[in-house]
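From a predicted model like this one, the values you see are computed outputs, not experimental measurements. When reading the values below, keep in mind they use all heavy atoms of this one structure, side chains included, and skip hydrogens, waters and symmetry mates.
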Amino acid sequence: MKKIEFGTQFVTQNINIFRCPICDQPFQQVEGTTLQCPNGHGFDISKKGTLYFLTHHSNNEYDSEMLTARNRILRAGLFDPIIKAIYERLDSSPETILDVGCGEGTPLAKLMKLRQAQDVAVGFDISKDGINLATQHGADAFFCVADLAHLPFNDDAFNMVIDLFSPSAYDEFNRVIKPGGQLIKIIPNSHYLHELRELLFGADQPNSSYSNQKVYDLFFEHYPDATVHQLRYSFQIPAGLQRSLMIMTPLHWGKNQNTDAARLVENMKSVTVDVSILTQQFN
């Protein structure tokens, strides 16, 4: 099946998920390859089987080089234990899943391969380049370009919202999550990629450490009954992917890098992944 055919079929079958980002009305129909709302606003499904819901210009820090590097290192398994932890928190019955800020789509694609449960899965990101990469996985998921602050989805549309290292819009999450659903947010802890940070900046520089306290505190302001699970593991870096690890995050843009950092990174054998998994159950 061609990508545009898959996208058109998915949107037609799951039109109840989507609402117009211009007038906030539920979409009414798909005519040909155009999704239309009752007020005449139309959005065309692209040849890659995606929808572009942005109604304004957006600035995105992730360039194509970063996204391609992220694609390589995530396909190699950097986040596999995180994906497994998400998988273990899902019901065995089919779910309606939203992946917030899905980027190049590897985590959602890998989750869908684990699931095999006839889920309805949607990933979105503000980066068109990221969404175009996401369609290359061949995953049974739909991808679109959308604004986190104004989601093009109806109220109570999803059983599960997954936020992996992405910004959050909690009012929008509360709106689109069904009663009985859950939100899973994964945030980096202080030891996340600490070997890479120290090579790039030195052990005592500001960029060599990270605190998630503000993100953590804001989450619990919204969800004081949420649970926390700590996950830390060492990832063995496959030969030739050291540079991809370095440029997959904004770290390589940081000021005051060691002048010899690029050469030092080439000799890295492993790196620490250290995260907190925050889970909120909706009544």
Close side-chain approach of His137 to Thr106, heavy-atom, < 4.5 Å: yes

Heavy-atom donor-acceptor pair, Gln280 side chain to Thr227 backbone, under 3.5 Å: no

Between OG1 on residue Thr249 and CZ on residue Phe165, distance to nearest 0.5 Å: 10.5 Å

Short side-chain to backbone donor-acceptor contact, Asp125 and Ser127, under 3.5 Å: yes

Residue pair Tyr233 / Asp80, side-chain heavy-atom distance below 4.5 Å: no

Heavy atoms of other groups near Glu88 CD, more than 12 under 6.0 Å: yes

Pair Glu266 + Arg263: basic N to acidic O under 4.0 Å: no

Asn189 atom CG, neighbour heavy-atom count above 12 within 6.0 Å: yes

N/O donor-acceptor pair under 3.5 Å between Gln242 side chain and Met268 backbone: yes

Any donor-acceptor N/O pair, Thr68 side chain to Glu65 backbone, under 3.5 Å: no

Closest non-hydrogen atom pair between Ile177 and Asp156, with its separation: O-OD1, 3.4 Å

Pairwise side-chain contact, Ile162 with Met160, heavy-atom cut-off 4.5 Å (strictly under): yes

Check: Leu151 main-chain N/O paired with Arg175 side-chain donor or acceptor under 3.5 Å: yes

Step-by-step side chain to side chain donor-acceptor pair (under 3.5 Å) determination, Asp147 to His56: CA-CA 9 Å; Asp147 182 0; His56 56 83; 3.1 Å; yes

Heavy-atom closest contact (Leu148 atom, Ala169 atom, distance): O-CB, 3.6 Å

Tyr52 atom OH, over 12 foreign heavy atoms within 6.0 Å: yes

Check: Val100 main-chain N/O paired with Ser166 side-chain donor or acceptor under 3.5 Å: yes

Within-4.5 Å side-chain heavy-atom neighbours: Lys3 and Gln136: yes

Chi angles and distances behind the side-chain contact (heavy atoms from CB on, under 4.5 Å) call for Arg70, Leu133: CA-CA 11 Å; Arg70 189 176 182 86; Leu133 277 173; over 6 Å; no

Pair Arg19 + Asp24: basic N to acidic O under 4.0 Å: yes

Test item: Glu104 side-chain N/O and Leu74 main-chain N/O as donor-acceptor pair under 3.5 Å: no

Side-chain (Gln25) to main-chain (Pro38) donor-acceptor, under 3.5 angstrom: no

Flag side-chain contact, heavy atom, 4.5 Å: Ser168 against Phe219: no

From Asp225 atom CG to Thr279 atom OG1, the distance as rounded to the nearest 0.5 Å: 13.0 Å

Asn154 side chain vs Asn16 backbone, donor-acceptor pair below 3.5 Å: yes

Flag, side chain of Thr12 to backbone of Thr8, donor-acceptor distance under 3.5 Å: yes

Chi angles and distances behind the ring pair (Phe, Tyr, Trp, His ring centres under 6.0 Å) call for Phe158, Phe153: CA-CA 9 Å; Phe158 297 96; Phe153 309 114; 5.3 Å; yes

Nearest heavy atoms of Ala69 and Ser244, plus distance in Å: CB-O, 3.5 Å

From CA spacing to verdict: side-chain contact (heavy atoms from CB on, under 4.5 Å), His194, Asp274: CA-CA 9 Å; His194 76 88; Asp274 178 25; over 6 Å; no

Given Tyr223, Phe173, Tyr170, the one that forms side chain to side chain contact (heavy atoms under 4.5 Å, CB included) with Lys185: Tyr170

Check against side-chain contact (heavy atoms from CB on, under 4.5 Å), Lys128 and Asn132: CA-CA 6 Å; Lys128 185 177 180 180; Asn132 286 342; 4.0 Å; yes

Asp99 and Phe143, any side-chain heavy atoms less than 4.5 Å apart: no

Closest approach of Gln281 to Gly181 (non-hydrogen atoms, all atoms of both residues): NE2-O, 3.3 Å

Point-to-point distance, once rounded to the nearest 0.5 Å, from OG1 of Thr34 to CD of Gln29: 10.0 Å

His222 and Asn174: side chain donor to acceptor below 3.5 Å: no

Where Ala134 and Gly103 come nearest, the two heavy atoms and their spacing: CB-O, 4.2 Å

Geometric class of the Phe142/Phe18 ring pair [parallel <30°, tilted 30-60°, perpendicular >60°]: perpendicular

Heavy-atom check, side chain of Arg115 versus side chain of Leu90, under 4.5 Å: yes

Which atom of Gly77 lies closest to which atom of Phe235, heavy atoms considered: C-CE1, 3.5 Å

Derivation and outcome, side-chain contact (heavy atoms from CB on, under 4.5 Å), residues Ile277 and Ile184: CA-CA 7 Å; Ile277 302 172; Ile184 298 179; 3.8 Å; yes

Spacing of NE2 belonging to His229 relative to CG belonging to Leu278, to within rounding of 0.5 Å: 11.5 Å

Distance (rounded to the nearest 0.5 Å) between Ser190 OG and Gln213 CD: 10.5 Å

pair Ile186-Leu231: side-chain heavy atoms closer than 4.5 Å: no

CG on Asn159 to CD on Glu95, rounded to 0.5 Å: 4.5 Å

